Amino acid sequence: MTTMWKGPSRVPEPEDPPGPDLSVDLAPGNPRELRLTNPVIAASGCFGYGLEYAGVIDVQTLGAFVSKGITRRPRSGNPMPRIAETPAGMLNAIGLQNPGIAGLIRKYPRIWETWRVPAIVNISAESVEEYAEMAAILDEQPGIAGIEVNVSCPNVARGGYCFGWDPGMSAEVTAAVRAATTLPLLVKLSPGAVDIVSVALAVEEAGADAVSLINTLVGMAIDTRRRRPVLANATGGLSGPAIKPVALRMVYQVAGSVRIPVVGMGGISSTEDALEFLMAGASAIEIGTAIFVQPSLPLEVIAGLEVWMRAQGVENLGEVVGAAHPAGIPLRRSHAQVAS
Amino acid sequence: MTTMWKGPSRVPEPEDPPGPDLSVDLAPGNPRELRLTNPVIAASGCFGYGLEYAGVIDVQTLGAFVSKGITRRPRSGNPMPRIAETPAGMLNAIGLQNPGIAGLIRKYPRIWETWRVPAIVNISAESVEEYAEMAAILDEQPGIAGIEVNVSCPNVARGGYCFGWDPGMSAEVTAAVRAATTLPLLVKLSPGAVDIVSVALAVEEAGADAVSLINTLVGMAIDTRRRRPVLANATGGLSGPAIKPVALRMVYQVAGSVRIPVVGMGGISSTEDALEFLMAGASAIEIGTAIFVQPSLPLEVIAGLEVWMRAQGVENLGEVVGAAHPAGIPLRRSHAQVAS
Amino acid sequence: MSGVQGALVHHGRSREIEGDVVALEPAMGDSTLLTVRVPSAVAAEIRPGRFFDILCRPDGSSDPLLRRPYSVFASDPARAELQFLVRPYGRGSAWLARRRRGDVLDLLGPLGNAYTLDPGARHLLMVAGGVGVAPLVLLAREAVASGRNVVFLLGAADASGLLAAGHLPSAVEYVVATDDGSKGHRGFVTDLVPDYVRWADQVFACGPEPMYRSLRNGLLPLRIGNRPRVQVSMEREMACGLGACLGCVVETKRGMRTSCVEGPVFDMDDVRW
Amino acid sequence: MSGVQGALVHHGRSREIEGDVVALEPAMGDSTLLTVRVPSAVAAEIRPGRFFDILCRPDGSSDPLLRRPYSVFASDPARAELQFLVRPYGRGSAWLARRRRGDVLDLLGPLGNAYTLDPGARHLLMVAGGVGVAPLVLLAREAVASGRNVVFLLGAADASGLLAAGHLPSAVEYVVATDDGSKGHRGFVTDLVPDYVRWADQVFACGPEPMYRSLRNGLLPLRIGNRPRVQVSMEREMACGLGACLGCVVETKRGMRTSCVEGPVFDMDDVRW
Ligand SMILES: Cc1cc2nc3c(=O)[nH]c(=O)nc-3n(C[C@H](O)[C@H](O)[C@H](O)COP(=O)(O)OP(=O)(O)OC[C@H]3O[C@@H](n4cnc5c(N)ncnc54)[C@H](O)[C@@H]3O)c2cc1C
Ligand SMILES: Cc1cc2nc3c(=O)[nH]c(=O)nc-3n(C[C@H](O)[C@H](O)[C@H](O)COP(=O)(O)OP(=O)(O)OC[C@H]3O[C@@H](n4cnc5c(N)ncnc54)[C@H](O)[C@@H]3O)c2cc1C
Ligand SMILES: Cc1cc2nc3c(=O)[nH]c(=O)nc-3n(C[C@H](O)[C@H](O)[C@H](O)COP(=O)(O)O)c2cc1C
Ligand SMILES: Cc1cc2nc3c(=O)[nH]c(=O)nc-3n(C[C@H](O)[C@H](O)[C@H](O)COP(=O)(O)O)c2cc1C
Ligand code: FES
Ligand code: FES
């Protein structure tokens, strides 16, 4: 086994039987690699900058966490209301409230550097150049384990057409970011694309170390008393259990085509849900909305996966990745090879 | 007020105060018009051919109902399992089990002809010609009030790319069907399109009397015990409350652009939900999955809308259509003009 | 409640009914026997094998979304009471088993067809797996009441999963099998079937599909032509319960048939296995 | 429950706690006073204005999805009991009000900041609208216990919506207003405020946002500089309750502030209205 990105999250007790291997490398083609002790990641926008949860759960035990989406300049976000509950889901239109990349760098890397858990920074931008510029700035920082590029943003140069809806535009962003940094690079796909597989293949070709999906679906709720959209922004991103079937389908399709690791997310709220995504072909998973409902959920899922693996005699999680594909999926190098 | 397509669904009692006007014409530009006494329609695939519910609810009170999707030839559908429950939603992969257009014609039109409630036939096909052929056959039948064209079907000539994902292909189908029949023509849009507004504008231009939306989202569930997709077909259509926010957003966007009536659907399960769609710009609504859960729901919504209109002093439902758009929506002729 | 719905109930059209929970008692291992009071006209419509589609969630929630089908275990038209035997399995059944006296349930039904007794049949063999006892207990009661002879075979994982004999009429010959041999025959309930095949005029089964497969395999060499006739209740996940969605079909020799309207009871020889 | 979660609770890190429902009683019109037993260390952390985010649905359901925030109405550290005043409004509160003794609730908290008593403040004016009484009742109890003088103003639609005086310490001067004049002043509770402004060293308010607007308009001409200081509890829909999602922000003169961590209590003069 190659070395971990940071030390193991839990010192094994002497009486522990040799445990199953939950570790995963999300950037196997990258010399800087992105090794996680387990495949459970807190999703962008749902975990702040890690500190918000540090007093509530043992953050260090996570496979990794992804920061709130960062932009080049600080943003104060959208007017209120920013969230609305929907059946088994929620809409958000936070509007990327964040301190900007300089604000992030001032505060967090030096804290993250002292942490065992890998911190991944999620970036949003309005032009290819801006994405690249942000990646270059992050490249030099300590305490940053990787970058997740959110391509579900409007491309100002193309009249606000979303980067992530178009394979070409997504690949352009990926290539520019790739050129600007050697950091492990996840590209986070948009479910709004008419054919998400072609977007995934394009960003793989353009140099992404991994793809993560899905971002939120665009939705809306109307307040019938006021006869107006509930959200000040009218539309918002739909997340939570409601979108799980759509997310799972997209992960299944993408994992059936690409060779880089796939990070699956969308409505994961239990160990069972996590297993569905792994079997669909995800090498790791992110948990977003469900953390709001149950902050300890990611830790419960880590423990739950371990219990499940022991019960099923699964030694390496790689044995399960893609298992639901009757004909298998392209081999990926996110997990150690299973001893035969 | 112009004449109803068929007589009023309920003979008003003498003591009834003059009621609010719930009627709507879904084909105001078509001489054959599609006048409904109220805007509540049972959705395709969720109401069989009307007869299945005739012993359970007063079917004649509905605004209209849409038949199960019919194909040129009979189909026995997909293997089992065909349905799976998901958070606040369900997946279906029925595979268009139906008796074919000849089977439909043999049995139903002569029954529907005796009914007060308008029957709309939903058609699916694999080529432009097949759609047109089916429309021509239906054109001559009695008891059919309109056609709903399901464009969420793979176009065999284009390698299975879905008609409804592409404005051009959707318009082609619409134009061919339009040329084959003078029947009121609804085109049912697919939520898989990257920009559903451009598809709606294209089918409006091509001669649709109305658009209906949304069809199901494509989703999946995995059985972690068997390590296989739950559905025999692997993927299926996601419907129910879970998709309501996505459906509502699409209806809002489409209604803000087209001038023909919009029929909204996706997860509607209450009068409140129906009002959300009307305020988003739908002139009428369809109810699908929620009928499975509560067969009397469409009737409850009709009554609920009437109660709401009385309480709010709304005389004509047209006053509410599109009300949630701060700047209004293009004028449509689905409702009688409000006396000023 | 809207006036419209009220009117429908009045005209006897809607099959959506409210049932008051009047009792819950443990039965058959960890299952719950739920007694529900319904309009008496409804209780009178019950036939063995018919079921209700029960809404298993609180008002205002839409998850779990779909109703769950439950067979009628007992019906008392005089008291306008029905009983359901609920085995705790997943979300719906767990919710249902946690109800309390006085709670009101939303039921759709009765739905589906029923087991049919051939007029001349005197000797009836019933084969139940686990919670599949429910419709067969009702059938056994009717059969005994009409003077027929019933052998009732039940299989369970262990003795604690068996139905107490008191739920069956005393005239029934009740024979059990357990996987672990803790009571009765050690092994599958279908192992017991050959002993009774020649005796039986009709066979009725309710249980999981693998049980039907082994029942069928065991019967094939023993039956004479298609005698005795075998009826099975096919479990399918259901959405509408009314024949509209085509989600619950069973492939028969006559084509696809809905198990909610044309079933759940099918002739074993009609099903494509 | 996984070992991991157990360990966290042991290390005192998780704020997810289980609370046993020990009593439910009607209070203040159609509201319910819910008494919950929690670990005593939790009850000791309570301060007036802090709240718990309560999961309002059965196990296994994911609808309604999000927790609902409820202010602590009373805290008894000795008995390790908390009280919440739940007004039936929508899905979450209806579910909560239907709980029964012995049910177990899933609570996250205590969360948020608290009202702060200035050391020198002797005369405290509390202004509550409807269910907004909850945190102010707790505050009034603390204030009286520390020897301060409290005037407690409460507004409701009619007399039946008022809190019984017995819930407040007898030393409190309790003055009420009703929209229909069925008890106390006929009109808004904020109409009563001017009478007490000069007397008050500090003002504490909890109610709907329109109440704050009229409170603020009424106070503007009467205050001397920014005296008396006014603290308001801002109601926001919340997702995480922990400052992570930024869904609950309040626009202040210092920028966007989360009402779940940096609130819910804000200085009236700090908020951009
Ligand atoms: C005709 C008939 C009679 C029955 N009689 C009885 C009886 O008398 N006693 C008894 O205990 N059980 C009976 N059942 C089974 C019962 O309906 C439930 O399936 C069972 O209680 C488990 O449901 P659950 O909600 O507890 O489990 P879940 O956890 O919801 O179900 C387990 C799995 O089945 C899936 N599922 C459940 N319902 C559906 C659906 N409608 N559509 C799609 N997927 C679904 C779930 O997604 C899950 O994967 C009967 C079933 C049928 C068809
Ligand atoms: C700090 C604080 C303290 C409170 N204290 C009390 C108290 O002591 N007693 C009391 O009765 N109430 C209190 N509330 C209000 C309470 O949290 C609920 O909002 C209220 O009970 C109504 O919820 P419901 O589920 O019954 O209604 P719903 O029908 O769910 O809510 C009404 C509307 O609000 C929306 N909504 C509700 N919660 C959210 C959310 N988290 N995110 C987005 N949209 C949402 C719903 O979608 C709906 O449109 C407090 C609120 C806050 C913020
Ligand atoms: C409140 C909120 C804020 C989010 N912010 C971001 C963001 O800044 N960048 C991003 O890429 N995704 C963001 N997301 C999307 C999530 O990371 C995730 O892709 C999505 O919510 C689906 O997962 P879930 O259903 O587990 O939440 C946000 C989601 C929520 C709910
Ligand atoms: C079981 C099932 C079968 C369906 N069959 C069809 C069909 O044949 N043709 C069609 O256009 N839509 C079909 N639909 C889609 C519905 O008409 C509707 O567009 C969709 O379910 C969203 O609405 P709902 O959430 O109210 O169900 C089907 C939906 C379900 C659940
Ligand atoms: S459940 Fe819908 S057809 Fe049987
Ligand atoms: S509720 Fe998430 S930041 Fe306050």
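Naming convention: chains lettered A, B, ... in sequence-line order (proteins, then strands); numbering from 1 in each chain. All values derive from a computational prediction rather than experimental measurement.
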**Study point:** Aromatic contact, Y49(B) with Y108(B) (centres under 6.0 Å)
**Key:** yes
Point to revise | Y89(C) backbone acceptor or donor facing S93(C) side chain under 3.5 Å | key: yes
Check your understanding: Distance-only, no hydrogens or angles: does the D20(C) side chain make a donor-acceptor pair with backbone N or O of G102(C) under 3.5 Å?
Key -> no
Practice item. Determine whether more than 12 heavy atoms belonging to other residues, nucleotides or ligands lie under 6.0 Å from atom CZ of R106(B). Key: no
Check your understanding: CZ of R225(B): more than 12 outside heavy atoms within 6.0 angstrom?
Key -> no
Check your understanding: Is chain C contacted by the side chain of M90(B), its backbone, both, or neither, given a heavy-atom distance below 4.5 Å?
Key -> both
Check your understanding: Of all of D106(C), L242(C), V261(C), which one pairs up most often with chain B through heavy atoms under 4.5 Å apart?
Key -> L242(C)
Practice item. Let me know if L246(C) has heavy atoms under 4.5 Å from chain B in its side chain, its backbone, both or neither. Key: both
Review point. Pick from S269(B), G89(B), G240(B): which one has the most heavy-atom pairs with chain C under 4.5 Å?
Key: G89(B)
Review point. In terms of heavy-atom pairs under 4.5 Å, which option from N78(B), T271(B), L51(B), I94(B) contacts chain C the most?
Key: I94(B)
